[in-house]
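First the structure, in the form of structure tokens, and then the observations on it.
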Amino acid sequence: MSATEISAQATQMPATWQNVWRALKRVLREPLGALGFGLVMFVLVSAIGADFFAPFEPNKIDIRAKLQPPSAEHYLGTDQLGRDIYSRVLVGGRIALKVSLVSIGIALVIGLTLGLIAGYGPRWLDNSLMLLFDSVRSFPTVMFALAVVTLFGPSLTTVMIVVIVTQIPIYGRMVRSQTQALRDAEFILAERAMGAGFFRIIAMHILPNVVGPLLILASMDIPFVITIEAGLSFLGMGVRPPTPSWGTILNDGYSYIYNTPWPVIAGGIPVILTTLGFTFLGESLRDVFDPKLRKEI
Amino acid sequence: MLEISRLNVEFTTERGVIKALRDVDLEVPRGSIVGVVGESGCGKSTMINSIIGLLAHNAAVRSGSITFEGSDLLQKSQRELRDIRGTRISMVFQDPMTALNPVLSIGAQMTDIQYRDPIGMAQKKQRSIRMLSRVGIPDPETRLENYPHQFSGGMRQRIAIAMALQAEPALLIADEPTTALDATLEVQIIHRLKDLQQSMGCSILFISHHLGVIAELCDFVVVMYGGEVVERGTVRDIFHRPAHPYTIKLLECDPARIAETTRALPTIPGEIPDLVNLPPGCIFADRCDRCIKVCREQIPQTTEFAEHHWARCHLAGSMAET
Amino acid sequence: MKPLLEISDLHVRFRTHSPLSAMMNGIQDPFVDAVNGVSLHIGEGETYGLVGESGSGKTTLARSILGLVQPQQGSIRYAGTELIGMPAAQMKRFRSNVGAMFQDPVGSLSPRMTIGSLLAEPFKIHGLSDRDLGHEATRLLDMVGLNRDFSSRYPHQLSGGQARRVGVARALALNPKLIIADEPTAGLDVSVQGEILNLLGKLQAELGISILVITHNLNVVRHITDRMGIMYFGRVLEQGPTSAIFHQPSHPYTLALLSANPEPDPDAEIDRLELHGEVPSLFNRPGGCEFHPRCPFSDDTCKSAFPDITELDNAHSFRCHHPLQRA
Amino acid sequence: MWLYFAKRILLGVLIVLTAVSLLYSMIHLVPGDPVKTILGPRASPELQAQIRTKMGLDDPLPVQIVKFIGRVATGDLGEDVFKRKSVNTIVFEQLPHTIYLVLSGIGWAMLVGIPLGCLSAIYRNSMIDRIAGVLSVSCIAIPTFVVALYSVLLFAVTLKWLPAIGAGDGNFSSYIIHLILPAFAVGLGWVGYLARLVRASMLEVMSENHVRTARAFGLPERTIVFKYVLRLAILPTVTLIGMGIGILLSSAVFTEIVFARPGIGRLIFDAVTSRNYPVVMGSVLVTTVLFVVSTTVADLINALVDPRLRHHK
């Protein structure tokens, strides 16, 4: 039996809890999958329990203790206002996760709906939606984000709007191409011949086959969104001070990079660990479920 | 010329070790056409891939030998095997739509496979043109510039045959070359193949599940089932005096052999056993209606009970007579 | 025999180029005729075999009967009712009268549903969910000779033959009067092929249904059909009782097809009509009789005019200017 | 083939037009008066009216869009109302710096990433493959601005090997030296992307039947890899690089800010900070066109290499 046959079986695996558990075991068997899973769990736990773990109030200013290197009291040192960077990193993680999960979730639902319509609906609707998607996609993300910031002003909501608008075309396009491939599949013809209507075919026969790959794709986008949030906050276009964010920690640190390297190092590492964790986990999930998915970005 | 003896090939998978080929014996005499018959999962493809040394990564030859022109192919290095492939042994594959490189012209691909010959480009091209016209491609000179997608399925299969025979190999392995084609084309290609074989004097190992094609084309027939060769003999032996119960059943099942119109077609109930957990006795015992006690306990040995006619069955000799 | 299904002068065309691209490429006729004036009828309890090579339009014909493809011209009447242009609601009710089987045994089953829910689908679609669907599923599994445990399995866990049985069960779920089976034996080994055909035959004898079998396998047609038609390039070139056609074909193409089916006997004497060339592309439809470029008997008439129907006795008819001599 | 080219280019133009209209309507449909946004709430009503007329905001939206597109089509991106300078001049002064950055970034990424991907595919599941796999995933995972910050920290602040700030004093070698770190930061992620993609598509092509045919004819492994596999496997890479220009332009914003380099990313950033909306509009537009042009060119290259597309009607 060839590897492709085995993977074909894996993609057709129905989503029961038993199978989720089995897939997780396969992910954990891969060293990188296990590492990714571990990192993601670590980030999730520390973000959820940020208030509990944080030794200091993240916005508490202590000018006398500014720009300190790591110590037993301040694990990651302090910033230019003497705030404890470790506490700020923990709370910043919660914001990064909130932004990415909420905005990807919204983009997923909208992209799925539009993609199904484009893939199964009439040709003209497909063409217009595709043109719209391609046009939105042609704005370089950060440029587009900056343009949006000029209008709405920098805020967390602005970041989420940018992410939602730029992700919808990606999910929409993918759902559309999968839907089109399924539309002419024999099992869809068989259902149509039996008299199944439009909504029944979409809901019972196309949706279940599209959702799995889409979720894997979305999980691989989490690091991208975290990067966007951190990046915009770094530029001062995202989260407003004094709210802690990995981006603002880096921005503050950058101003003092010639005085002390610690804030930049401390702000960058959580970003790297989180994106690495989600990327490793996403890649392993994809390898387990659907190796053919997303050869291109 | 080609002789496979006691070949064992296994695949390592997540489910366990698949014993894909077990003690396979096969012989292709010089200048003859040997047909291999068998249903899906019988090990035909694994056998071909073992001969040309292109087994999958998770496959391993456990024992046995494949002797070709006096030396064992299994003992050869990848490099030596590569020198044999395309010169002494050539292949034609099943699916003509995907067997050729889509972004290279036919001419480029035909020239590429002559890379060993110390002749000029123009001569290589001339040779390609000659070969294409021999397989019946009209206007070969201009068609050489075309890409595979500009040919129909039948034409592509002709091109594949032209490429395979260009180096005048001693052995041509044809893996279901006509299965994907329409019946009227199938006949054309079979006849062309036979003509070419006779004029070039090569041997052909012809894999097919179409009994009619085998009967028409081949001199000898090998019947495979569940990773074993269960019977082999001349084409007349197999079609007129089948000895193994599987062969008998298989022939009975073919509706083309049933002269009287009937709505009750014969079948072989059951399925091939799991090749990971083999039954202790004969591989066909579960589906065999002549199964006796010894069949479930002992693996039958290959016995020759008439000249050129072997079967792997405890009842072999006695069956042919009845 | 009263005809259950009557097709007359059916035309199905597909657009091959968008209007814009046709204009830019200078294509006058951006369509291909997949089905080109087909007439045939199937009686109650009858099995009709439609034979043809790839691209002959047999699958398109089947799909137009199932309402999956919209014909441009002609009529399809089921038990006297015209299907073309039927309102959607009525069409849905009609569908419960016709069961369909598609080529790929596993691929025609929705991959993420259990066999049990796949068998319940027809009832749900037609608003019959109040029945005991579990009971219906076991009834259907029994009918096609599958164990009841199959209910909880998924399509990819089945072998080709088992999946095909599920396909038969689904086609028969709503007690249809007509079954349209597109290549019912495709992808099956010879030893399993017979099981499926026998099953269909048994169910037909018990339930009195009509079957339209579409296949390229002449041996299958010979054994299981009462009448047959041979399609080439979107037209039916010859049709009539199966035994008559096998015994004495009139169209050269029929003979070529029959003789292209080598008998599995090394000593058989084959009196063969071998064709040259290949089926022309649908885009370059030959004028006159579409078969003339490959026909050994063609002359100038064949190049210019498409032959009319010639009726023989026994509802045997063909379209050819130079039919084979009758012995 | 020409028909395909014409169609593809037409689609590109259509995308640009839609994108411009979207951008324009978005800016004008948001709640709040764009003039007030630009001038701040304390501007005098006369000044507001003056700017409003100057920007053509009195017309209905579709008319404004058509007028705007017409103006852009003639190559006029409007005027920077603060500096009283043509936006064209401002944008095209900065654009070359960004283009050099993007090209050198993708250039080194290609030089490293493509061979790395090939090696991984040829020696699949070997040690090289595993190490290359971890490396490339890590490269993808680290955001550009973090790479930029860390490389400033390491190479400029700590090791003092390379300059961190600016684009040099005008002479060529100094420009190049100042380009090294930014180009490294911009390209690092792409090393990973390209290596992953080349590996995946090579493995896919290698499993195709025609490669088995080539093997069965005993072609040398070198010919098979470079002529039969790579030629097909490179096609998705071309598409990726075409799409990549858009992502690279985004990375350029961060890189130009961290390294205080001139360029269009920095221009937009400064314009956003000072709410200089005609400049924002103009430069986003130019980058969008750049992106559409690069994806279109990638598709055309694909069509040239792949005869199946070339003969497609």
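Per chain, numbering begins at 1; letters A, B, ... match sequence-line order. Heavy atoms only: backbone and side chains are in, while hydrogens, waters and symmetry mates are out.
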Top of D:Thr237, D:Leu11, D:Ile264, D:Leu249 for chain A proximity - count of heavy-atom pairs under 4.5 angstrom
D:Leu249
From the options D:Val289, D:Val293, D:Val292, D:Leu22, select the one residue that forms a side chain to side chain contact (heavy atoms under 4.5 Å, CB included) with A:Ser138.
D:Val292
For A:Ile272 and D:Tyr150, the nearest pair of non-hydrogen atoms, with its separation, is CD1-CE2, 3.9 Å
D:Val284 versus A:Phe144: any side-chain heavy-atom pair under 4.5 Å?
no
Just do the side-chain contact (heavy atoms from CB on, under 4.5 Å) check on D:Val137 and A:Leu32 with the steps written out, would you?
CA-CA 10 Å; D:Val137 174; A:Leu32 286 186; 5.7 Å; no
Side chain from CB out, backbone as N, CA, C, O: work out which of these in A:Pro223 comes under 4.5 Å of a heavy atom of chain D, or both, or neither.
neither
Quick check: do D:Ile247 and A:Pro140 have side-chain heavy atoms less than 4.5 Å from each other?
no
Between A:Phe139 and D:Leu285, does the side-chain contact (heavy atoms from CB on, under 4.5 Å) criterion hold? Intermediate values first, please.
CA-CA 8 Å; A:Phe139 302 123; D:Leu285 221 156; over 6 Å; no
Side chain, backbone, both or neither: which part of A:Ile269 has an atom under 4.5 Å from a heavy atom of chain D?
both
D:Phe254/A:Thr227 under side-chain contact (heavy atoms from CB on, under 4.5 Å): CA gap, chis, key distance, verdict
CA-CA 11 Å; D:Phe254 296 115; A:Thr227 310; over 6 Å; no
When D:Thr295, D:Thr287, D:Thr144 are compared by non-hydrogen pairs under 4.5 Å with chain A, the top option:
D:Thr287
A:Leu250 and D:Leu149, any side-chain heavy atoms less than 4.5 Å apart:
yes
Let me confirm one number: the CH2-CG distance from A:Trp262 to D:Leu153, rounded to the nearest 0.5 Å.
9.5 Å
side-chain contact (heavy atoms from CB on, under 4.5 Å) between D:Thr273 and A:Met237: does it pass, once the steps are laid out?
CA-CA 9 Å; D:Thr273 333; A:Met237 303 287 167; 4.3 Å; yes
Interatomic distance, CD1@D:Ile268 vs CG@A:Leu235, rounded to 0.5 Å, equals 11.5 Å
Would you mind checking which part of A:Ala145 comes under 4.5 Å of any heavy atom in chain D, side chain (CB onward), backbone (N, CA, C, O), both or neither?
neither
Between A:Val264 and chain D, with a heavy-atom cut-off of 4.5 Å, which part of the residue counts as in contact: side chain, backbone, both or neither?
both
Heavy-atom distances under 4.5 Å only: say whether A:Leu276 touches chain D with side chain, backbone, both or neither.
both
Looking at side-chain heavy atoms only, is the closest gap between A:Leu146 and D:Val253 below 4.5 Å?
yes
Chain D contact via A:Leu273 - side chain, backbone, both or neither, heavy atoms under 4.5 Å
neither
What part of D:Val146 gets closer than 4.5 Å to chain A, counting heavy atoms only: side chain, backbone, both or neither?
side chain
With a cut-off of 6.0 Å (strictly less than), are more than 12 heavy atoms of other residues, nucleotides or ligands near CD of A:Glu30?
no
Heavy-atom side-chain proximity of D:Val258 to A:Phe234 below 4.5 angstrom
yes
